[in-house]
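Heads up, the thing below is written out as structure tokens.
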Amino acid sequence: MGQGRDMGVLLHISDTHFGTEQAPVVEALVALAAQQRPDVVVLSGDITQRARPAQFRAARACVARLGAPVLAIPGNHDIALFDLWARLARPYARFSAVFGADLEPVYSTPDWLLVGVNTTRARRHKHGEVSAAQMERVARLLATASPRQLRVVVVHQPVAVPLDSEQPNLLRGHAQATRAWAAAGADLVLGGHIHLPFTLPLDGLARRLWAVQAGTAVSTRTRPGVPNSVNILRWGGAANAGSTTSHTPPSGHCLIERWDFCQQKQAFVHTGTTTVQPERA
């Protein structure tokens, strides 16, 4: 079902791990994008399995079929692991050849302010971190947002997790970052890395912030009991008069939908929705 342009639609995919992709799931993702017609696609890292040129080419071919602008940030798998020279001397060269030299892109429209943050570090194998300078940059950008825009920060490693066993995977500096970004007006922080989809409220901050995680979109690297999944965000903005269908958010609300790949249907199906009302001054 196509959506009208009186609201924003964002497709959030992560951890595609090209090199381990499943062709039927890739085709289902392309079909979902054609059906939902997103304004923008957010790709929150681990685009490839081993940062090989052929894997980046496969990712580029897939992204080109999604029919929307793409905001992409690198994940730890997008830095060469076994090519030590490339990892140390030119860690992002292969990513940049496909997705551009800006590792922290910004996407701004009347509906969206999306701010990418490169949380990878070439010296680390998988753990991510965010620096004080990065926190301040994001806060400055968030402060420029209009009331109509949904203010979204995109990282790779999660800023919150639902299970104690996942604590080691948290982004280093997440507590300071979420405090600063909430105070600056952020609504959501999108991430990936752990292949576990969920939406969690972060309280005890200057304003409520939501951590929105995507699973692995198309790869074989799923967790037990968790299928390939993506998120679709629908933002009502300031202009919508109210809800007219189950897929139309009321004014000032964001619907965060989880879509899982169904083997039987060979398609992504809607499996749950969290409704968020961002705080506005």
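Since the structure is predicted, the reported quantities are computational estimates derived from the model, not experimental observations. Numbers here simply count residues along the sequence, with the first being 1.
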Got a sec, which residues hit side-chain hydrogen bond (donor to acceptor under 3.5 Å, both in side chains) with [X], two or more places apart in sequence or on another chain?
X      : value
Ser96  : none
Thr119 : Gln157
Thr199 : none
Arg179 : none

With sequence neighbours left out, write down each residue that passes side chain to side chain contact (heavy atoms under 4.5 Å, CB included) with [X], or none if nothing qualifies.
X      : answer
Pro69  : Tyr107
Glu27  : Arg65
Gln277 : His253
Ala68  : Pro38, Val41

Original post:
Heavy-atom count around Asp203 CG within 6.0 Å, excluding the residue itself: above 12?
Top reply: yes
Subject >> Least distance between heavy atoms, Ala72 atom then Phe99 atom >> reply: CB-CD2, 3.7 Å
Original post:
So which residues get pulled into Val155's cluster when ILVMFWY side chains under 4.5 Å apart are joined, directly or through others?
Top reply: Val106, Leu113, Val115, Val117, Val130, Met135, Val138, Leu141, Leu142, Val153, Val159, Leu171, Trp181, Val189, Leu202, Leu205, Leu209
Subject >> Residues that His193 engages under ring-ring contact (aromatic ring centres under 6.0 Å, His included), provided they are two or more places apart >> reply: His156
**OP:** Check ring-ring contact (aromatic ring centres under 6.0 Å, His included) between Phe18 and all other residues, then give those that pass, not counting sequence neighbours.
**Re:** none
Original post:
Of Glu21, His17, Gln49, which meets side chain to side chain contact (heavy atoms under 4.5 Å, CB included) against Ser219?
Top reply: His17
Subject >> Passing option when Thr16 is tested against Val25, Asp46, Leu43 for side chain to side chain contact (heavy atoms under 4.5 Å, CB included) >> reply: Leu43
**OP:** Sorted by first residue and then second, give each ring-ring contact (aromatic ring centres under 6.0 Å, His included) pair with at least one member in residues 33-61; sequence neighbours left out.
**Re:** none
